[in-house]
There are 2 protein chains.
Amino acid sequence: MALQKTLKALADPIRRDILNTLKPGALSAGEIAAKFSVTDASISRHLSVLKDADLIRDNRKGKFIYYEINVSVLEEALLWITDLKGENENA
Amino acid sequence: MALQKTLKALADPIRRDILNTLKPGALSAGEIAAKFSVTDASISRHLSVLKDADLIRDNRKGKFIYYEINVSVLEEALLWITDLKGENENA
DNA sequence: TTAACATTTAACTTAATTGTTAAATGTATT
DNA sequence: AATACATTTAACAATTAAGTTAAATGTTAA
């Protein structure tokens, strides 16, 4: 189930863009939304998909909710694709 | 565009299953379809999504159309995810 | 407690995806 | 040419996904 959620979450260009945006460090929902041309509500739903996939984590600081990337679940996706490629990491 | 198509194609469990099924070698559409519980027509459309993403290639041999996996486009997906992970392949 | 702000959730619309059945296409065989 | 077989395509129904606006929630500060 984790792999399915991960790949589904990564299959949307806005969500991939959000993840890249968070790579340098955490940002609030508003800061993230400001970078995109869709509504805050739309970004909020994308954030919830990413969070459900455990690709991001949130923590509230006062009025703001900061999101940070969590790369740990990418490992499974990487392994799946690598295995499909049929490559040996020691080759 | 290629990355988007790749990830979208990989975001479906049946399509991932098809790719794994093709890993050992090419199979005809019918042989692939026989392994799944959906109709031939449904598998045929999954095959066309995979083909459009260039994850598989087809070649007809008489009545049969054989599909084989093409892993080359996985490289871009792998690079994207690896870069997001922030890892250096020499680290 | 009221007001203001940040964010999410609800309700709704539209578009895309997946599955089904039935018709169409391509190839081989008689 | 006619039939049979493998596969795809078309047409349709059901589900899921993504966007919008408006209402709701949580937090801070007056």
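So that the names make sense, note that chain A is the first sequence line, chain B the second, and so on, each numbered from 1.
When the C1' atom of D:dG19 is taken as reference, atom NE2 of A:H46 falls 8 Å away, rounded to whole Å. Here the P atom of nucleotide D:dG19 and the CG atom of A:D40 are 13 Å apart, to the nearest Å. Atom P of nucleotide D:dT16 and atom CG of A:D52 are separated by 15 Å, given to the nearest angstrom. Taking atom NZ of B:K63 as the reference point, atom C1' of D:dT3 lies 11 Å away to the nearest angstrom. A:L47 has its CG atom 15 Å from the C1' atom of D:dG19, to the nearest Å.
With respect to the salt-bridge test (charged N to carboxylate O, under 4.0 angstrom), the residues B:K23 and A:D83 qualify.
Residues B:Y66 and A:S42 both approach DNA chain D. Their nearest nucleotides, taken by heavy-atom distance, put B:Y66 toward the 5′ side. DNA chain D is contacted by both A:R60 and A:S37; A:S37 maps to the nucleotide lying nearer its 5′ end (nearest heavy atom per residue).
The phosphate of D:dA10 (OP1 or OP2) has no side-chain N or O of B:R45 nearer than 4.0 angstrom.
Between B:L47 and B:Y67 the shortest side-chain heavy-atom distance falls below 4.5 Å. Side-chain contact between A:I69 and A:V71: present, with at least one pair of heavy atoms (C-beta onward) separated by less than 4.5 Å. The shortest distance between side-chain heavy atoms of A:Y66 and A:I32 does not fall below 4.5 Å. Put simply, the side chain of A:L55 does not reach to within 4.5 Å of the side chain of A:K5, judged on heavy atoms. Contact check for B:L10 versus B:L19: side-chain heavy atoms found under the 4.5 Å cut-off.
Scanning both residues, A:H46 and A:D12, for their nearest heavy atoms gives CE1-OD1, 3.6 Å.
Between its opening and closing five pairs, the helix from C:dT1-D:dA30 to C:dT30-D:dA1 changes axis direction by 10°, a value rounded to 10 degrees.
Here CD of A:Q4 is found 10.5 Å from CD of A:E76. Values are rounded to the nearest 0.5 Å.
Close approach of DNA chain C to chain B, defined as any atom under 4.0 Å from a non-hydrogen atom of the protein, starts and stops at C:dT17 to C:dA28.
Using a 4.0 Å heavy-atom distance criterion, A:A41 is classed as a base contact. In this structure, A:S48 reaches neither bases nor backbone, as no heavy-atom distance under 4.0 Å exists between it and the strands shown. Among the heavy atoms of the strands lying under 4.0 Å from A:K8 are primed sugar atoms or P, OP1, OP2 only; no base atom is included.
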Practice task
Start with the C-alpha distance between B:E31 and B:T21, add both sets of side-chain angles, then the distance that settles side-chain contact (heavy atoms from CB on, under 4.5 Å), and finish with yes or no.
Solution key: CA-CA 10 Å; B:E31 288 170 323; B:T21 293; over 6 Å; no

